[in-house]
2 protein chains.
Amino acid sequence: MCYQLELRHLRYFLAVAEDLHFRKAAERLFISQPGLSKQIKEMEVGMGVKLFDRHNRKVELTQAGEFLKVELKNYFSGLEHIIEHAKLLNDGLLGDLKIGYVGSAMQKIIPDLLLAFRKHHPKVLFNLEEIDNQGQIDRLFSHDIDIGFVRLEKIPRGLKSIPVLNETFSLVLPKDHPINDENFVNLAQLKDASFILFNEKYSPSYFENVMQIFEDNHFTPNVTHNTIHASSIYKLVENNFGLSIVPQSLKPSFVEGVKFIDLENIPQRTVLSAVWNLNNRNPILKNFLEKIESHKDKN
Amino acid sequence: MCYQLELRHLRYFLAVAEDLHFRKAAERLFISQPGLSKQIKEMEVGMGVKLFDRHNRKVELTQAGEFLKVELKNYFSGLEHIIEHAKLLNDGLLGDLKIGYVGSAMQKIIPDLLLAFRKHHPKVLFNLEEIDNQGQIDRLFSHDIDIGFVRLEKIPRGLKSIPVLNETFSLVLPKDHPINDENFVNLAQLKDASFILFNEKYSPSYFENVMQIFEDNHFTPNVTHNTIHASSIYKLVENNFGLSIVPQSLKPSFVEGVKFIDLENIPQRTVLSAVWNLNNRNPILKNFLEKIESHKDKN
DNA sequence: TCAATTAATAACTATGTGTTATCAATTAGA
DNA sequence: TCTAATTGATAACACATAGTTATTAATTGA
């Protein structure tokens, strides 16, 4: 039956090729000289290639042996690199992480998280896509994304979620609006104003939550505009199309034309959750979730 | 103790990676399923890389496994190519053959031989160098050339030789010389002519052989010019600097200005020999010597 | 000439690959 | 809902073979 070449043979051959001395090579390999001789002979017969010329008391490489010495050395380092790479993939230190998110998460939470994660995972490539809440759920099931950032109360069976940020809301007003941090008491002061809100379809549960804030203040807002982009809201507010209420974290570090009043005294909170598929085996996901946990503790 | 990865593991892994089914893969490998499972597990633990996700009744590759499947497939074909190449070297079908020769061998014998050899050894590279007889002997001992073509009676110990061509001499005359094939009887007719001969230093034994021809005809030639190149001889003869005697095989298929008369009736012969070092392990040499043997039979 | 050193050979041991028997988990069919 | 079938994993065992020790043959150096 045909004899099988093994890496052992290549390892042994390289040792002898380097030392040109069976006993020394055997010593270095921590095996006996006859064992080594036997394996080399087996390799020669198996490959049908004479590797060494053993004349007198001197061992030297044949032409084919010389060639193999060079080639197999490279060959080995090649294998080491492949395995190293595989190990990085296995450990979630290399590869892609496909992230879905609602627009409002991109203001601060996602960038912060990605920056923190990248510190210890510099080779991980992020694949980012803004998707509405339901879209993320669908694409988690179809494995099109590894993790989603949603504002949803309930997560379907098969997915798991953890809260990333539990936050209140902020009132958005034009910079020169008469109401400010000092004279603001509650929303009832603004019951005659127009409001610009996030589109209900984008996240019904979020919308309902916001509407509850108004209801608690005993009025129904005059919603004159809808959008899904915070920047559009700010622009509209700046130009006196109305006021708005947004999650607190959407307050940019710097923005012209508008000001914010944090609604600390209302009971409503909006929760940004990270969601993932329990069947997802991407090792990066595990690391990323750990980073989310530790990141959350810092806030 | 650190566990050793073997090609067996890679072979087994690829089989499972292709079938995504342990039992089928085991069948294809002619081993039992538990044995295969064990080896794959050993590989996973040894490399520290999870290769397969076994959930439910379905086996699928992890990211790292997917990567390894592609890489290791290439890796194997790489090894096959290396071994193939080594086998060609071993069998003397690939590599260099360093050939030394006296100039007179290049007229016909060497080109014929190389052409014939190349038919079945198209990948062998010839390294050709014109060297005088003694120079070839020296460079055979120092392994600078694999084979030499010399005109020498005696070969030093440690080298071996076989005759390649045993030939007579040809007289070289200008085209319009009064002596021709019809009226030529023997060299005594030309005892008053000038002669151009190969340099004595280039091959003393050859020179002595030629001088014996003259002596048998009871005269000492008037040697007016020396050279080591046949083409120089022909040019000098053409321009009436004198006549010459050269080995018969040096007669070109076509040359202007000179004519040849074969000296069939003299006892002298010149032998071109192939010489090589008995310690030379170049596998191509063995094949080349075989070709010389078979080539000789055809003449 | 004798001691030392080389690699190869022969006979044996023991490691570990591969075996059979079985299990646990899941799925498909009656 | 139960049974039969199919999956891969596990455990105990067998046997092939990698590796061992003892020895030989050949050569070299003192």
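We name chains A, B, ... by the order of the sequence lines, and we start the count at 1 in each one.
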Quick test: give all pairs of protein nitrogen or oxygen and nucleotides 26-28 of chain D nitrogen or oxygen below 3.5 Å, distance rounded to 0.1 Å.
residue : atom : partner : partner atom : Å
D:dT27  : O2   : A:Arg57 : NH1          : 3.0
D:dT28  : O4'  : A:Arg57 : NH1          : 2.6

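- Proximity of B:Tyr12 to the phosphate of C:dG18: a side-chain N or O atom is located under 4.0 Å from OP1 or OP2.
- Atoms NE2 (A:His55) and P (C:dA8) sit 12 Å apart, rounded to a whole Å.
- Surrounding NZ of A:Lys87 are more than 12 heavy atoms belonging to other residues, nucleotides or ligands, all under 6.0 Å away.
- Checked for salt-bridge contact, B:Asp144 and B:Lys98 miss the test: no charged N lies under 4.0 Å from a carboxylate O.
- Side chain of B:Ile31, nearest nucleotide from C:dA7, C:dG18, D:dT10: C:dG18.
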Do B:Asn127 and B:Asp96 pass the side chain to side chain donor-acceptor pair (under 3.5 Å) test, and can you show the C-alpha distance, the side-chain angles, and the key distance before you say yes or no? CA-CA 7 Å; B:Asn127 196 312; B:Asp96 300 343; 5.4 Å; no
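- The CZ-P distance, from A:Phe22 to C:dT9, rounds to 11 Å in whole Å.
- At the phosphate of C:dG18, neither OP1 nor OP2 sits under 4.0 Å from any side-chain N or O atom of B:Ser32.
- A straight line from CG of A:Leu7 to C1' of D:dA18 spans 15 Å, rounded to a whole angstrom.
- Every residue two or more places apart in sequence or in another chain was checked for a salt bridge (charged side-chain N to carboxylate O under 4.0 Å, His left out) with A:Arg281, and none qualifies.
- Residue B:Gln39 places at least one side-chain N or O closer than 4.0 Å to OP1 or OP2 of C:dT17.
- When the C1' atom of D:dA18 is taken as reference, atom CD of B:Glu6 falls 11 Å away, rounded to whole Å.
- Atom-to-atom, CE of B:Met43 to P of C:dT17 comes out at 14 Å; the value is rounded to the nearest Å.
- Remark: aromatic rings of A:Phe13 and A:Phe52 are close, center separation under 6.0 Å.
- Enclosure of atom CD in B:Glu290 by more than 12 non-hydrogen atoms of other residues, nucleotides or ligands within 6.0 angstrom is indicated.
- A:Lys41 has a side-chain polar atom (N or O) that falls below the 4.0 Å cut-off from OP1 or OP2 of C:dT9.
- Of the candidates C:dT17, D:dA18, C:dA7, the closest approach to any side-chain atom of A:Gln33 belongs to C:dA7.
- Rounded to a whole Å, the CZ atom of B:Phe52 is 12 Å from the C1' atom of D:dG8.
- Nucleotide D:dT7: paired with C:dA24 (Watson-Crick or G-U wobble, both distances less than 3.5 Å).
- OP1 or OP2 of C:dA8 has at least one side-chain nitrogen or oxygen of A:Arg54 nearer than 4.0 Å.
- Distance B:Arg8 CZ to C:dG16 P: 11 Å, rounded to the nearest Å.
- Where B:Pro34 and B:Arg23 meet DNA chain D, the nucleotide closest to each residue was compared, and B:Arg23 sits on the side nearer the 5' end.
- Applying the side chain to side chain donor-acceptor pair (under 3.5 Å) rule to A:Ser203 yields the partners A:Asn133; only residues at least two apart in sequence or on another chain are considered.
- Distance, B:Lys38 NZ to C:dT20 C1': 12 Å, rounded to whole Å.
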